[in-house]
Structures are given as C-alpha cells and as structure tokens.
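Have a look at the structure below before the remarks.
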Amino acid sequence: MDDIMIVMKFGGTSVANFEAITRTIFIVGSKLDQKPVVVVSALSKITDLLYKIADSAASQDLAQTTELLGQLRERHVNLVKELLEQSPMIMEQALARVNEICNDLDKLAYAICAVGELSDRNKAILISNGELLSSTIICFTMNAKGIKTGFVDARRMMVTNDSYLKGEPIVDEIAARVPGIISEAYEGMNAVITQGFIASNMAGEQTVLGRGGSDYSASLIGMAIDAERIEIWTDVDGVRTADPRKVKNTKYLEKISFEEAAEMAHFGAKVLHPLTIEPAVKKNIPLYVLNSMNPSGKGTAILRNELIEDGVKSVSFKENIKVINIFSMKMINTSGFLRRVFEIFSENKVSVDLISTSEANISVTVDAGEKIDRLVEELSEFCDVIVDDDKAQVSVIGKNIVRLNGMLKKTFMPLKRCNVYMISQGASFVNISFVVDREELTEVVQDLHDHLFDNPEELETY
Ligand code: ASP
Ligand code: MG
C-alpha cells in the first residue's frame, strides 16, 4: 500500500466499559490522518468468562452455563445501551447484531452441554465471541460518533495451521490476504476495525492464536500492510525495568530494542505477547507500548538494535517454573544422548527455557503450565529424573550485557546469601538467567534491581 497506515491495538482494559471505549475512540479519532487499522481484544475478563462457559458446558452444568451466558449477554447489551444512547437507530442495529452473536453462542454452549463433550474446534468457536462482540460494538459506536469505520472479520485474513486453540500463523498467506481486504474495507472510510486473537485455518475453520494473542495479530497485520508504526495500547505507561507489582522503585523505559523486548516477553515480563516482536522485526516496523488512560504519555518505543544503547534494561522473572533434572551415567562419553532426550521433549511438545549440562546431568526449566507427566515417564525409561517445582527463574536483560565488564559480578554479588542454580548466559549477549528457590524470589529480584539500577555507570564495555 502506498499511503501511510498505522496499526492501533487496544487490549481488554482499553475497551472494558463505557469510559474506556469512549477514551479509545477519542484516541483513534485523533489519528485519522494516519489511516488507522484498529485491532481490538475482547472486553476485559470476557475471554476468561468464555473459558468458564466452555468448562461448565463441557461438564454439563446447565444451571451455571445459563447463568454465565446471561452475564455475558447482559454486559454487552448494557454497554451498547450506554454507548449509543444518543443514536437510537444505530443502537437498534447494534443490539440486533449483539443479540445475534449471543444467540449463536448460547446455541453452541447448550449443544456442548447436551453431549458433555467439547472439542478444541468448538472451543475455538466459542471463545472467539469476545472479540466479535467488542469489535462489533466499537464499530457501531465509532460510526455513531461520525468516524466512518469499516468492519473486517479477521477470520478472512488471519490464517493459521490446524491447531485450533494455539494456531500458528501462516505468514505468507496472511501477507497475501491482508492488504487487499484492508484496502477494500477502507474504501470511503476514515478507519477500519478488526479483531485480535481470532483466525481460521486454510479450510476456513475457526482457530485462535492462544491467550493474549491480540498483540500478535496486530503485529502480523502491521507486517502485512507495511505499517508505519504498530501501537499497542494498554493500561500501563510503557515497559518498566521490572514488574512493579513485585519490585519497588522500577523505572520506565523510553526505548528498548526488538531483541530486548523479545527476551523480556519470553522471560517473564508481561507487557507483550512473546511472539509480537517477530513480524515487526521482519519489516523493521517500530512498536510502541502506550497507555490509553494517559494518551499524552510517551510510552515505550521498541526499535531496531542500532538505535538502542548497551546496558541492562530489565530484571524479568518467572515465578512458576519446573526444573527437570536428568541424570544418566550413560551420558558420559557417548554421543546421541542429548538428541534422544530432546527428541522426547519435542515429541511431547514441551517447550524448554533454560538448559544446563554437565558430564552426567542435564537440567532444563519449563513453564509450570507445561504438561510433563508423559515426558518424565518416557525419560525415566533410560535416566533418573527429578522434578523440582519449588523454583523460580530470574533473567537480567539488556543489550550486550554479557559483554559488559563486571556484569556477572554485579549480577551475582547481591545474591550472596541464596542458592543459585543453572546459570545461563544467552548466546545472544542480551540475557543472563538463573534459577533460585521460589521462596527467595521476591528478595532476589528486589536486591538485584536495586543493585543494577542504582549505579549502572559502573559498567563498561570491554
Ligand atoms: N482476548 C484474548 C485473551 O484474553 C486475546 C487478547 O486479549 O489478547 O487471551
Ligand atoms: Mg490481553
């Protein structure tokens, strides 16, 4: 596309209710000269509610299913009435559409309830309704406010493989479909709105990108239209040096590199969906994390590596991990052992974070949510396996930190009193990670953050 276009993604809290949506539409309205493609999540907590509906239907709890479906419909119907009070004709149309979506959802939920069985395929259809509802309501409201807005059903253009609940995008197909569909929807319009998270496979069946996937949708769309910029609007002022819910005196980061942002997302910072960076990197599109409650703030810019200074940017952590310790005397002086072990990880689709090995031992960290029973069973056939589930993982992240003189000392000095396991320096130079006992995590990350961000000038590159 020749014109400048930007992607503006609004997360659940930015579209949670009347006030949030009013603010969001105001923000979009101030950027119409840049041809925004608006990508929205479901209203906050609605995807969780849809998961609950799915569970309660699958367990054939008719009363609870009915109750939850009622809550869901009520929240959206009330929102339409509030937002469109001044435009009764448009309100009628919006209510009709919202009720239509809710009726389809009810039908599906009751069908699931009747058989007591829930396939991934039906679950994907069910949980997609949050985004369909939010985008429908916001589209009607934008039009009512005089912003002529075209509606795009993301399932026509976001294509994934057949994994219904964690669809992996087929990037070439997305890149081929998105520009045409968006420019068609833009004809005669001031803006276009679509859904994050939801997609379809090549056969046209519905899929979703996995929890928190709307950021990823936004960056894929940005990549496909060669956007000037991708804006991720959320409820915090940008990316901080650590999670302020856990660590005191965190600082806000004005800019970080694509690589730093990706490492932060992978290693526990909860600001962006971890895969969001990749499509932006491909086309070198800057990403901004912005606060819809404070739209005049600068936010955090995520830019290409050359524009970012060396140095530590973040203390990230994963509070809940498992460490899988694998021992075998056979490992000594044999080849092919590691391959066999990691084949089992891959066959069981268990994703590995940190690895450290010694002569007769491999230790691996995985997210606490990973299902590892079968994996452990298969490994136990030829190794001794011990799983620790009382550990947490800490990562110090920043451009070239692994090359900074004194960085290792500075990282480990404040940790004198606690046990440190599995130290790993990323091959990428941006990450030093290690494992601690979970009960020590709060103290460790605070000490580390105090120490690293108080006197960063002590560090020099060698
Ligand atoms: N609504 C989806 C979720 O809550 C996707 C998103 O918000 O990014 O996971
Ligand atoms: Mg979200």
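Numbering of ligands and ligand atoms starts at 1, following listing order.
Residue E131 has at least one heavy-atom neighbour below 4.0 Å for each of these atoms of ligand 1: 1 (N), 2 (C), 5 (C). Under a 4.0 Å criterion applied to the non-hydrogen atoms of S41, ligand 1 contributes the atoms 6 (C), 7 (O), 8 (O). Heavy-atom proximity to T47, at under 4.0 Å, picks out these atoms of ligand 1: 1 (N), 2 (C), 3 (C), 4 (O). Set against the non-hydrogen atoms of S214, the atoms of ligand 1 under 4.0 Å away are 5 (C), 6 (C), 7 (O), 8 (O). Atom numbering of ligand 1 starts at 1 in the shown order; those under 4.0 Å from a heavy atom of R211 are 3 (C), 4 (O), 9 (O).
For the pair K399 and F429, the cation does not sit on the ring face, since its NZ or CZ is not both under 6.0 Å from the ring centre and inside 45° of the axis.
The shortest separation from a heavy atom of G212 to ligand 1 is under 4.0 Å, placing the residue in contact. In this structure, G196 falls outside the shell of residues with a heavy atom less than 4.0 angstrom from ligand 1.
The structure places CG of L287 at 6.5 Å from OG of S219, a figure rounded to the nearest 0.5 Å.
Residues satisfying the ring pair (Phe, Tyr, Trp, His ring centres under 6.0 Å) test with Y186, not counting sequence neighbours, are none. Looking at residues two or more places apart in sequence or on another chain, you find no ring pair (Phe, Tyr, Trp, His ring centres under 6.0 Å) involving H266.
Within a 6.0 Å radius of CD in E370, other residues, nucleotides and ligands contribute more than 12 heavy atoms.
Side chain to side chain, S56 and T65 meet the donor-acceptor criterion of an N or O pair below 3.5 Å.
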